Amino acid sequence: MKIGVLKETKEFENRVALSPDVVKLLKKKEFEVLVQAVAGEASYFLDKDYTDAGAEVVSLENVFQADVILKVNILTLEEINQMKPGSACISYMYAYQHPDVIEALNKKNITSFSMDAVPRISRAQKMDALSSQANLAGYKAVLLGANHLGKIFPLMMTASGTITPAKVLIFGAGVAGLQAIATAKRLGAIVECTDVRPETKEQVESLGGRFLTVEGAEGVKVEGGYAKEVSAEFLEKQQQLIREKIKEADLVITTALVMGKKSPILVTEDMVKTMKTGSVIVDMAVESGGNCEISVKNETVVKYGVTLIGESNLPSLLPVNASQLYATNISTLLLHLANAQGFIFDPEEEIAKGVLITQDGQLVHAFTKSILKV
Amino acid sequence: MKIGVLKETKEFENRVALSPDVVKLLKKKEFEVLVQAVAGEASYFLDKDYTDAGAEVVSLENVFQADVILKVNILTLEEINQMKPGSACISYMYAYQHPDVIEALNKKNITSFSMDAVPRISRAQKMDALSSQANLAGYKAVLLGANHLGKIFPLMMTASGTITPAKVLIFGAGVAGLQAIATAKRLGAIVECTDVRPETKEQVESLGGRFLTVEGAEGVKVEGGYAKEVSAEFLEKQQQLIREKIKEADLVITTALVMGKKSPILVTEDMVKTMKTGSVIVDMAVESGGNCEISVKNETVVKYGVTLIGESNLPSLLPVNASQLYATNISTLLLHLANAQGFIFDPEEEIAKGVLITQDGQLVHAFTKSILKV
Amino acid sequence: MDTAALLMLIYVLVLASFLGFELISKVPPTLHTPLMSGSNAISGITIVGALIATNEMGFTTLSKWLGMFALVLATINVVGGYAVTDRMLKMFKKK
Amino acid sequence: MDTAALLMLIYVLVLASFLGFELISKVPPTLHTPLMSGSNAISGITIVGALIATNEMGFTTLSKWLGMFALVLATINVVGGYAVTDRMLKMFKKK
Amino acid sequence: MSSIVQVAYLVSSILFVMGIKFLGKTKDARRGNFLSAIGMLIAVVATLVTLDILTFVEIFACILVGGAIGLYYAKKVEMTQIPEMVALFNGFGGIASLAVALSDHFLKTEVLQVEIDTVNSVSIIASVLIGGVTFTGSMVAWMKLNGKISGQPIMFTGQHLLNLLLLVAFLGVAVMTYLFQIEPIYITILVVIALLVGVLIVIPIGGADMPVVISLLNSYSGMAACATGFILNNNVLIVAGSLVGASGIILTQIMCKAMNRSLMNVLLGGFGQTVAAGPQDGPQIVIKEVGVEEAAMLFDSASSVIVVPGYGMAVAQAQHVIRELMEQCEKRNIDFRFAIHPVAGRMPGHMNVLLAEANISYDKLIEMEAINDDFSNTDLVFVVGANDVVNPAARTNPQSPIYGMPILNADKARTVIVSKRSMGKGYAGIENELFGYPNCLMLFGDAKQTITKVVGEMKEMA
Amino acid sequence: MSSIVQVAYLVSSILFVMGIKFLGKTKDARRGNFLSAIGMLIAVVATLVTLDILTFVEIFACILVGGAIGLYYAKKVEMTQIPEMVALFNGFGGIASLAVALSDHFLKTEVLQVEIDTVNSVSIIASVLIGGVTFTGSMVAWMKLNGKISGQPIMFTGQHLLNLLLLVAFLGVAVMTYLFQIEPIYITILVVIALLVGVLIVIPIGGADMPVVISLLNSYSGMAACATGFILNNNVLIVAGSLVGASGIILTQIMCKAMNRSLMNVLLGGFGQTVAAGPQDGPQIVIKEVGVEEAAMLFDSASSVIVVPGYGMAVAQAQHVIRELMEQCEKRNIDFRFAIHPVAGRMPGHMNVLLAEANISYDKLIEMEAINDDFSNTDLVFVVGANDVVNPAARTNPQSPIYGMPILNADKARTVIVSKRSMGKGYAGIENELFGYPNCLMLFGDAKQTITKVVGEMKEMA
Ligand SMILES: NC(=O)c1ccc[n+]([C@@H]2O[C@H](COP(=O)([O-])OP(=O)(O)OC[C@H]3O[C@@H](n4cnc5c(N)ncnc54)[C@H](OP(=O)(O)O)[C@@H]3O)[C@@H](O)[C@H]2O)c1
Ligand SMILES: NC(=O)c1ccc[n+]([C@@H]2O[C@H](COP(=O)([O-])OP(=O)(O)OC[C@H]3O[C@@H](n4cnc5c(N)ncnc54)[C@H](OP(=O)(O)O)[C@@H]3O)[C@@H](O)[C@H]2O)c1
Ligand SMILES: NC(=O)c1ccc[n+]([C@@H]2O[C@H](COP(=O)([O-])OP(=O)(O)OC[C@H]3O[C@@H](n4cnc5c(N)ncnc54)[C@H](O)[C@@H]3O)[C@@H](O)[C@H]2O)c1
Ligand SMILES: NC(=O)c1ccc[n+]([C@@H]2O[C@H](COP(=O)([O-])OP(=O)(O)OC[C@H]3O[C@@H](n4cnc5c(N)ncnc54)[C@H](O)[C@@H]3O)[C@@H](O)[C@H]2O)c1
């Protein structure tokens with residue numbers, strides 16, 4: 001079986017689907033690997049590293065000879081055009097947002113698997129790119145924020161006076177939020193965090209953060225570790241809490257996502273106005289609409305004296321680690337679905353069922369169908 | 001006595017000589033304070049903050065009515081031109097690099113004091129701006145470096161593989177170097193450091209860093225906490241050590257300074273070539289010539305796959321804290337030299353003697369004279 | 001028995017009991033069983049009583065038979081007790 | 001004194017000595033002085049001997065005078081000892 | 001009795017005191033046992049000296065028989081059967097005391113035909129009661145332990161009432177025995193009641209509590225010997241008996257504490273079984289608890305330790321005290337490492353953050369793949385607040401939600417200690433059968449608190 | 001003697017045992033003293049019961065006089081003089097035993113004119129020797145402590161030889177006393193020798209070691225009482241005397257250990273003075289050391305503690321163990337804070353970094369200006385590896401290189417404990433006279449190691 005690795009074409013994308021280390025592993029399992037020239041450059045993986053690992057470094061066209069194409073971002077229509085009919089591809093897809101791509105895939109009878117749909121079950125953890133990337137993103141969000149802040153994080157009592165510690169406020173204690181807590185805490189900030197899921201209180205505290213509980217609020221539904229819609233009453237109480245706390249925050253990091261939906265607005269324009277001049281907001285939900293009303297995707301803007309960072313692809317700013325982990329995730333999924341001879345998955349098996357988007361010219365993924373209403 | 005605070009005019013300078021808090025303190029001591037409009041803006045101090053604190057916010061010309069002008073950076077010839085004859089000024093001067101300014105000051109009979117010349121004795125610690133700013137610079141250097149690195153600092157054992165910790169190499173364990181060690185260590189990196197002064201070993205270890213001892217080297221002279229010239233033999237052995245260690249470093253921070261001299265070259269172009277692609281060097285000595293042969297002042301460049309950060313004014317990137325501490329330093333010095341009625345210092349007293357550069361139209365500072373050979 | 005003699009015995013009893021209490025204060029759990037076993041062997045001191053009881057002349061009295069019965073059992077207790085305790089303790093020696 | 005009686009006394013002595021050893025094992029240093037003082041008061045038990053010696057009739061014998069001398073001093077030891085120990089210990093009570 | 005014999009008795013008393021003292025110290029215990037054996041020998045020889053030379057035959061015969069039996073069983077017994085053996089021996093000691101008391105009673109009433117004075121009479125009755133209870137109690141304990149009867153608590157209604165009645169009866173008959181000493185019937189009834197009481201006291205107690213019961217009965221047999229001492233006016237019996245009596249009580253208490261039970265609770269019985277705080281669903285997991293002291297002993301005697309931290313360590317913020325534990329172990333040259341499971345905790349790298357905070361150097365942290373083969377050569381694995389990541393169900397049970405997840409082979413180690421607060425489940429919400437494995441001991445309580453105690457114990461041992 | 005009296009003696013013996021036991025436990029000590037006093041009362045009353053009613057007048061007179069004197073001094077004495085008072089009382093106990101022995105001797109030889117048997121004679125001689133030594137030894141100790149004679153060790157050549165000779169002489173005369181009981185001269189010589197030995201034993205020992213000596217003499221006075229018990233065939237004397245004798249020896253040993261001396265070392269004398277490990281240059285600073293146990297006691301009894309960390313804490317990496325210390329203190333509701341000097345350590349914020357690493361919450365860290373006035377209301381300041389930042393020379397000595405630097409007012413606290421390795425200097429390279437202040441105690445050793453021990457001690461006290 002031939003694996004093809006394309007260079008990412010999306011703007012600001014530094015990652016690559018396979019790292020030389022993982023290529024070596026796949027070679028051992030007797031896969032052939034074709035890597036597009038300079039595909040790894042932005043992640044500091046040189047073509048030589050790939051050839052050393054056993055891959056063939058080839059031109060763009062030649063990559064499409066592969067039986068399965070691996071990418072980080074969803075394939076473009078152009079790329080699909082060039083693919084062998086009946087071949088396969090694995091990448092992030094967020095299929096429900098890209099009906100056009102699905103159509104294109106089905107037209108070419110391409111079997112496609114989505115990395116963002118890996119079910120969050122224990123044995124699939126090694127394939128869970130959402131977690132691995134969110135983790136890096138959480139770290140990077142703190143570093144970016146700290147770098148834009150006019151002050152330092154830790155408390156420091158010096159001869160020239162005492163520097164009070166920075167206050168970091170984090171919304172959402174998912175994977176990214178927790179890593180952000182850990183990182184900010186490490187750097188010496190006072191960290192507070194709030195989340196809709198009550199079990200996160202213990203998790204936040206286990207990292208030395210303070211949990212802000214929305215008092216007397218019920219009606220939060222959690223499914224498979226994901227937050228589902230929450231009640232209006234809760235949101236109101238939460239708003240109240242945020243409004244109060246945000247005035248004193250130096251750095252705000254928002255990570256609240258609701259799967260398959262636009263992310264909730266937690267920080268309104270009004271609230272931004274009440275913040276201290278020089279404070280910073282990193283909106284990690286900006287890709288899916290943003291948790292802050294006025295953050296701008298892929299831009300860093302200053303509004304009302306507050307720096308709003310709308311970096312939508314934080315993991316890509318840590319390309320070495322991000323590619324390395326993503327490569328492990330995608331290759332583990334691939335090995336779960338296929339061997340050197342070809343695909344061997346059972347479409348009813350839980351993981352395969354979870355990630356399989358299109359097959360035999362059909363959209364087969366239940367969740368995507370439900371959202372696209374097809 | 002009237003104090004005037006000018007807005008800094010130097011490029012990339014965000015600091016301001018007095019903070020509103022310190023203005024309040026000086027008002028209590030019955031000084032009058034004139035602050036140029038928007039002088040504090042880049043440090044997120046608003047004009048309103050200053051007026052609230054009791055200062056008068058005035059236009060540029062009106063500042064020059066003051067008896068003493070406070071600044072961060074040395075006064076420009078233009079500014080000196082506008083000053084009242086016989087008035088005074090305090091700022092960083094590095095007088096030995098600016099004979100023209102000294103001439104101008106003497107022409108106008110201006111008494112000048114240099115913040116960089118505060119003697120490093122116990123009771124002057126509160127005036128020691130070099131320390132207070134170097135401290136912030138050490139923190140910022142790590143953050144900048146970390147932000148330019150394609151990987152994260154801490155060790156992380158995750159389902160998607162283990163991320164090995166970043167290796168940070170620090171040259172010079174002075175104030176900035178130590179803070180850099182502490183910060184990098186906090187973030188989870190493996191930190192190694194080397195210095196010419198043997199007593200720094202214990203200090204480095206007290207922060208969890210590993211000290212790299214240059215074996216069998218003697219001939220390091222230390223005076224008043226500053227490193228003086230070191231022997232050629234030492235430098236050679238040190239080069240050897242660095243050459244070896246730098247190959248594995250992810251982030252290199254250089255802080256080695258020799259007072260009044262061009263800073264030593266520790267990282268040669270050759271060495272940079274042997275470094276890993278994607279690694280980063282922050283050259284904190286860039287202002288005084290740089291510790292790295294090929295770093296560029298005030299620029300971030302990529303050479304041989306290595307990112308070289310030549311930021312010459314790191315404290316200015318943390319303007320809030322930097323201004324706050326600098327204001328404490330400068331005001332403490334002022335209060336040491338003067339009261340609301342005027343200057344009262346004894347030119348033979350240790351601190352006054354240390355900082356006094358020009359008086360009665362004369363360059364009186366011994367060290368400056370020795371360097372300028374006048 | 002006269003009261004003075006009894007009182008002396010009671011002195012001995014009281015002091016020995018206090019001593020018993022004080023001796024055992026912090027025993028590591030691994031020693032619980034050996035200690036129990038070892039002190040069980042000591043409680044076989046009743047063998048002295050059995051000896052005295054067996055000393056009864058002739059085999060006609062119940063007393064003598066009871067004494068001999070007691071002596072056999074007490075000896076088992078003593079000998080077995082010490083032996084088994086020693087075996088246990090031997091095992092504890094550090095590898 | 002017959003040997004049996006002596007032996008009983010020795011039993012008492014031995015057991016009490018062992019007990020004395022065992023009772024004092026880990027005493028915090030602040031209690032060293034009070035403990036010393038308190039047990040010093042106990043050693044004033046010789047007052048009992050002094051009482052018996054004073055019981056001698058008439059004031060003619062040296063024995064009686066010695067007994068009375070002993071009694072006064074032993075009483076000082078006992079009363080002073082307990083009182084001063086108590087004063088010390090009162091101070092230790094937490095503010 | 002000649003005074004030389006009395007001196008010998010004094011010496012053996014002293015040896016017993018020292019024997020017991022040393023038996024409580026790990027490194028002196030064997031010497032202690034030896035000393036007390038010497039004491040016993042001296043006492044026996046001294047007694048023989050006073051005896052009539054003519055009775056030596058019977059005496060030696062008895063000693064030979066008894067000694068042979070004792071030695072044989074002591075050598076033959078399996079190490080695992082030692083508790084039952086102790087119970088058996090203890091019972092013999094009790095019945096011997098009873099027999100000596102009876103013997104004295106009959107000697108005085110039938111052979112010598114003298115009146116038994118009050119002290120003697122009370123002593124005889126006490127000896128009968130305590131000796132009898134010790135005997136049958138020990139026998140029941142022995143049978144429970146070796147499975148001759150069920151280890152389950154045996155209870156019936158009116159049990160406590162029956163005990164009370166028997167006690168009253170005993171007192172009544174005891175008075176009769178004193179008043180009508182000539183009548184052998186009364187003392188015979190006493191014996192029967194005593195034997196009955198012994199049985200009744202022990203049957204309602206569960207097998208798991210037997211060690212405590214045996215320790216208590218051991219204390220009783222000391223008291224019986226002490227009572228015998230009063231009968232015979234013999235100091236060495238009194239000293240040895242009361243030493244064992246008192247130290248036995250304390251030891252029983254210590255053992256109860258180590259098992260987290262109260263003595264009352266044990267004696268009232270019926271709460272017998274060590275809690276098998278199993279779940280409603282699924283098979284019952286029977287677990288063994290361990291106390292902090294014993295845990296400390298286990299660390300002390302290990303030569304290699306692997307710590308498996310999990311989310312519970314983070315919740316308890318136990319990382320700092322674990323570093324202390326590490327320092328204690330390293331002081332003892334114990335190889336000490338951490339096995340980091342990739343998904344331990346609740347975020348990637350969770351354990352890394354915390355252990356770095358506690359200043360544990362990176363090279364102590366070993367990845368799962370690198371350490372998984374080492375567990376089988378490891379003396380002690382200490383699982384701190386981890387659960388799912390050491391759940392063998394991931395390897396064996398295809399039905400389990402974590403099936404297929406790689407886990408740490410903690411179960412392969414010689415001994416596993418698990419520190420957690422309860423039998424609570426982990427993230428995956430499933431049972432962990434590791435906790436019921438024979439090599440696994442549960443150390444219940446908040447991880448930080450219990451480990452602090454363990455470290456405290458270890459410091460004392462040093 | 002009636003048996004009721006004997007029972008009373010038994011009861012008081014038991015009370016003494018419990019009294020001593022409780023005296024060793026901080027929270028029970030007062031109760032223990034009370035119990036033993038009750039025991040004493042019972043013994044006295046019981047003895048009075050057996051006595052001739054006619055002698056009551058003298059007896060009460062003596063008791064009244066003795067009691068009044070005892071009570072008066074006990075109330076009057078300054079708290080600082082307690083050790084001397086104990087020495088004095090102890091001496092009285094010793095001489096009383098001697099007097100009782102003499103009294104018995106003369107009673108038997110002169111009044112009753114009976115032969116004194118061996119046991120009695122040996123007891124009398126022992127009582128004389130021990131009682132006499134206790135008396136003069138205690139008197140010398142008393143005088144050394146209250147300054148009536150110099151606290152310096154007094155030594156002369158041939159001292160040990162003289163002691164030996166006296167011992168031989170004593171033995172010789174003792175034999176004579178036994179053989180020629182009628183001759184009062186021998187026993188008189190015995191008394192003289194005993195008194196002389198007491199003096200000779202104590203004079204070579206330095207004042208600083210007096211507490212140990214008093215403890216030892218206390219043990220002796222117990223033995224003297226015990227010997228008296230043998231003379232009078234009295235159990236309560238034997239029990240109480242031997243309790244005090246044995247526990248006194250142990251206590252002496254414990255005290256020696258706490259002072260880092262060996263008993264031998266103390267008794268051989270001459271090593272007396274506590275080291276004044278001063279520097280070569282400058283005025284000698286005489287310091288007081290403190291041991292970990294006492295340090296732990298000081299923490300235990302404080303109600304407010306301020307820790308002053310310095311560069312030495314960083315070097316020792318003691319921050320984690322200080323957090324433990326904090327936890328121990330907070331468990332006891334002790335107010336616990338950190339005073340952070342702006343230039344403590346070697347870089348700005350050095351202490352902040354380390355204490356944050358140890359997870360000490362920011363609100364425990366107080367700036368110099370905010371805390372400097374609180375020191376004078378603080379029970380205990382714990383200076384950990386700080387030096388220059390607490391050097392009072394900065395306030396008082398214009399010559400000092402740190403003159404004018406603001407410092408933490410650690411010296412104003414009730415007690416200051418300084419943890420450092422030696423009398424080594426700080427960054428500024430100058431002496432610190434704080435270390436010689438009367439309220440300052442030095443806890444020498446690596447900060448991490450010593451504090452670990454202090455925490456260990458505190459855990460045990462809890
Ligand atoms: N690492 C990740 O990125 C990540 C993310 C999400 C989910 N997960 C999942 O989380 C699980 C991690 O496994 P794990 O073994 O680390 O943890 P776990 O299976 O969740 O078990 C934690 C155990 O700690 C105990 N505990 C809680 N508080 C404690 C305290 N104060 N003291 C002592 N024990 C305490 C609990 O038992 P008691 O209640 O009886 O004390 C619990 O059984 C895996 O199932 C993994 O898939 C991991
Ligand atoms: N904070 C800054 O930015 C900065 C920068 C440069 C200089 N300084 C200067 O540094 C000094 C700081 O004062 P400081 O009080 O923190 O420290 P210090 O005066 O330097 O004293 C440190 C003390 O710690 C003791 N010590 C060293 N290792 C130890 C260990 N392992 N365990 C226990 N004690 C240990 C040393 O005594 P032993 O050898 O007897 O143990 C020493 O006296 C000031 O003079 C300040 O001016 C500060
Ligand atoms: N068992 C596994 O294999 C596994 C793997 C990875 C993640 N997980 C779990 O899944 C959970 C979700 O992880 P994620 O990071 O991908 O979540 P996510 O990115 O979907 O959401 C981020 C966080 O935002 C929170 N949030 C949503 N709406 C909010 C609101 N209005 N206000 C505040 N917070 C809001 C969510 O509760 C969540 O904690 C995590 O707790 C993680 O432990 C489990
Ligand atoms: N007592 C006080 O009041 C006081 C105040 C501030 C600083 N200090 C001390 O002064 C010292 C100097 O502080 P600084 O940060 O301003 O120093 P600096 O900025 O002059 O130099 C930075 C460091 O570079 C080192 N260095 C010089 N040449 C080198 C070479 N070839 N290789 C490697 N390292 C080299 C120096 O030893 C120094 O540690 C510090 O140690 C500090 O503790 C004392």
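Not measured: the values here are computed from a predicted model.
Chain C forms more heavy-atom pairs under 4.5 Å with one residue of E/Thr47, E/Asn218, E/Leu243 than with any other, namely E/Asn218. For the options E/Ser221, E/Gly222, E/Gly39, heavy-atom pairs under 4.5 Å to chain C are most numerous at E/Ser221. Interface summary for chain C: among E/Gly94, E/Ser103, E/Ser13, the most heavy-atom pairs under 4.5 angstrom belong to E/Ser103. Ranked by heavy-atom pairs under 4.5 Å with chain C, the list E/Cys226, E/Ala296, E/Gly91, E/Ser36 is led by E/Ser36. Looking only at heavy-atom pairs under 4.5 Å with chain C, the residue among E/Leu23, E/Val86, E/Val100, E/Asn33 that has the most is E/Asn33. The candidate with the highest count of non-hydrogen atom pairs below 4.5 Å against chain C, out of E/Gly131, E/Gly93, E/Cys62, E/Ala101, is E/Cys62.
Checking side-chain atoms of E/Arg30 against main-chain N and O of C/Thr85 turns up no donor-acceptor pair under 3.5 Å.
Using a 4.5 Å cut-off between heavy atoms, C/Ala41 contacts chain E through its backbone alone, with no side-chain atom that close. Contacts between C/Val78 and chain E at a heavy-atom distance below 4.5 Å involve the side chain alone, from C-beta outward. Both the backbone and the side chain of C/Ile45 come within contact range of chain E, judged by heavy atoms closer than 4.5 Å. Contact of E/Ile214 with chain C is made through backbone and side chain together, with heavy-atom distances under 4.5 Å. If you measure heavy-atom distances from E/Val111 to chain C, the contacts under 4.5 Å come from the side chain alone.
No donor-acceptor contact under 3.5 angstrom links the side chains of E/Tyr220 and C/Ser43, judged on distance only. In the model, C/Ser63 has no side-chain atom that pairs as donor or acceptor with a side-chain atom of E/Asp104 under 3.5 Å. Donor-acceptor pairing under 3.5 Å is recorded for the side chains of C/Thr46 and E/Ser97.
Of the residues E/Ile69, E/Leu88, E/Val65, E/Leu71, the one that meets the side-chain contact (heavy atoms from CB on, under 4.5 Å) test with C/Ile76 is E/Ile69.
Rounding to the nearest 0.5 angstrom, the gap separating the CG atom in C/Leu71 from the CZ atom in E/Phe60 is 10.0 Å.
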Legend entry - Steps toward side chain to side chain contact (heavy atoms under 4.5 Å, CB included) verdict (C/Asn77, E/Asn90): CA-CA 7 Å; C/Asn77 185 1; E/Asn90 192 48; 5.6 Å; no
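Here the closest non-hydrogen pair linking E/Ser242 and C/Leu13 is CB-CD1, 3.4 Å.
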